[in-house]
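Everything on this sheet refers to the single structure shown next.
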Amino acid sequence: MKLSQNFVNETKKDACPLANREIDNKKQTISEILKVKERIKNVVLVTIVGVVLGFLAPFGMDQISSLLSVSYWVLTCLVGYGIYAPTIAIIESTLSPYVKRQWHRVAIGAFVASALMSFAVPLITWLFFRVDIHLMASFGEVFPKTLLIGGVITIITMVRDHIDQQSLALEESKQALETTQQSTQQLVDQAFQDFMHQLPLDKRGQLLCLEMSDHYLKVYTDQGHHMILMRFKDALSALSNFPGLQTHRSWWVAKDAIVKVEKDGRKLQLVLSNALVVPVSRTYADRVKEAGYSA
């Protein structure tokens, strides 16, 4: 029994790191997939905003064609995403030890990105309309507009990122739960197999019940019964996660083996699939009834 118990313990020790590694790998895979999806969503979102702005034609652009207006604003928004996203990320990471609130760090990053964008907008304007540009002179006029539009897009992105983070946390929790359940089931199966391997091959089969007999244990299966040298409490420990219940200080039964509940006077008895009648003592009667077995 010591050998088999050590085997179970070692299996548990080996299974836990494997399960943890499996959870970590799944988390990393999910995180990478969501990052790619996040970038794609951001590009799509920015493009949609550019199309909407193009049709709205703000800042006096109603004098040009819709196609030109949409093209201008889509390119402007995509360039803005290329400026805002890394700028906000860098500033947020840099200021995290000093500025505790995330939205404060994002606001500072958006402010800096808007300043950089104020130099990019005149260049895009020149590309589309070939007008004379004076970067420093136009900064004061362009900066409030970039700050307004960039701020709105940043707020929308923050809200969407928060939703995505909640989805990521939920998915990771789901994956961790599934992996833990699988690992637990593997441990249960291993403990059961380790116990059943103590029986001769011709007696292994569906486990029905256990009966204590001095220092021996009588194991009943649908292939018959066999005596093994094992303490009753050690057997109960090995089968702690197996669907069964103790009915008496000397008896344990598998739930699947119970076919009928009978009464012998005031005492309960369980009839098993092999026609064996198992006594239920007063000590365990309430537990048996709570498990749904009553006459």
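Below, each value reflects all heavy atoms present in this structure, side chains not excepted, and no hydrogens, waters or symmetry copies.
Surrounding OH of Y216 are at most 12 heavy atoms belonging to other residues, nucleotides or ligands under 6.0 Å away. Under a cut-off of 6.0 angstrom, the local environment of CZ in F55 is sparse, with at most 12 non-hydrogen atoms contributed by other residues, nucleotides or ligands.
Side-chain atoms of S71 come within 3.5 Å of backbone N or O of L67 as a donor-acceptor pair. Judged purely by atom type and a 3.5 angstrom limit, S93 has no side-chain atom pairing as donor or acceptor with the backbone of A89. With S250 contributing its side chain and M212 its backbone, the two residues share no donor-acceptor pair below 3.5 Å. Judged by distance alone, the side chain of S240 and the main-chain N or O of S237 form a donor-acceptor pair under 3.5 Å. Although no hydrogens or angles enter the test, the distance criterion places no donor-acceptor pair under 3.5 Å between the side chain of R287 and the main chain of Q246.
Atom CG of D256 is separated from atom CG of L272 by 11.5 Å, given to the nearest 0.5 angstrom. If you take OH on Y72 and CD1 on I64, they are separated by 8.5 Å, rounding to the nearest 0.5 Å. One distance of note links NZ of K255 with CG of L245; it measures 6.0 Å at 0.5 Å rounding. Within the model, atoms CD1 of I258 and CG of L270 stand 5.0 Å from one another, a figure rounded to the nearest 0.5 Å. Atom OG of S69 and atom CD of Q63 lie 11.5 Å apart (nearest 0.5 Å). Between the CZ atom of F119 and the OG1 atom of T146 there is a distance of 10.0 Å, given to the nearest 0.5 Å.
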Stepwise side-chain contact (heavy atoms from CB on, under 4.5 Å) test for I149 and L53: CA-CA 10 Å; I149 297 174; L53 287 173; 4.1 Å; yes

Test side-chain contact (heavy atoms from CB on, under 4.5 Å) applied to L45 and Y81, step by step: CA-CA 10 Å; L45 174 63; Y81 175 69; over 6 Å; no

Full working for side-chain contact (heavy atoms from CB on, under 4.5 Å) between M117 and T76: CA-CA 9 Å; M117 187 64 186; T76 301; 3.6 Å; yes

Test side-chain contact (heavy atoms from CB on, under 4.5 Å) applied to E211 and F232, step by step: CA-CA 8 Å; E211 179 186 5; F232 187 58; over 6 Å; no

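No continuous path of hydrophobic side-chain contacts links L208 to F195 [ILVMFWY only; heavy atoms under 4.5 Å]. One hydrophobic cluster holds both I48 and I40 under the rule that ILVMFWY side chains link at heavy-atom gaps under 4.5 Å. Hydrophobic clustering of Ile, Leu, Val, Met, Phe, Trp and Tyr side chains at less than 4.5 Å, counting indirect connections, unites V79 with Y84. Criterion: ILVMFWY side-chain heavy atoms under 4.5 Å apart, direct or through other members. Under it, I83 and I90 are not part of a common hydrophobic cluster. Y284 and L268 fall into different hydrophobic clusters, where Ile, Leu, Val, Met, Phe, Trp and Tyr residues are linked whenever their side-chain heavy atoms come under 4.5 Å apart, directly or through other members.
At least one side-chain heavy atom of E92 sits under 4.5 Å from a side-chain heavy atom of V106. Counting heavy atoms from C-beta on, the side chains of F128 and L75 come closer than 4.5 Å. Side-chain contact between W73 and P58: present, with at least one pair of heavy atoms (C-beta onward) separated by less than 4.5 Å. At least one side-chain heavy atom of M196 sits less than 4.5 Å from a side-chain heavy atom of T221. Within the 4.5 Å cutoff, side-chain heavy atoms of S96 are placed close to those of R105. Between L207 and L239 there is a side-chain heavy-atom pair separated by less than 4.5 Å. When side chains are defined from C-beta on, E262 counts as touching V271, because their heavy atoms get closer than 4.5 Å.
Taking all atoms of both residues into account, the shortest heavy-atom contact from L229 to H215 is CD1-O, 3.5 Å. Shown here for M230 and Q198, the closest heavy-atom pair between the two residues is CE-NE2, 2.9 Å. The heavy-atom pair separating I88 from G109 by the smallest distance is CG1-C, 3.7 Å. The two residues G244 and W252 come nearest to each other via the heavy atoms CA-CZ2, 3.6 Å. Considering all non-hydrogen atoms of both residues, V280 and A285 come closest at CG1-CA, 3.7 Å. P122 and S138 get closest at one heavy-atom pair: CG-OG, 3.5 Å.
Contacts classified as salt bridge (Lys or Arg N to Asp or Glu O under 4.0 Å) and involving residues 137-153 (residues at least two apart or in different chains) are given here: E141-K145.
Geometrically, R130 engages W126 in a cation-pi contact defined by less than 6.0 Å to the ring centre and at most 45° from the axis.
F111 and F143 have perpendicular rings, their planes meeting at more than 60° on a 0 to 90° scale where under 30° would count as parallel.
Evaluation of the salt bridge (Lys or Arg N to Asp or Glu O under 4.0 Å) rule for R204 yields no partner, not counting sequence neighbours.
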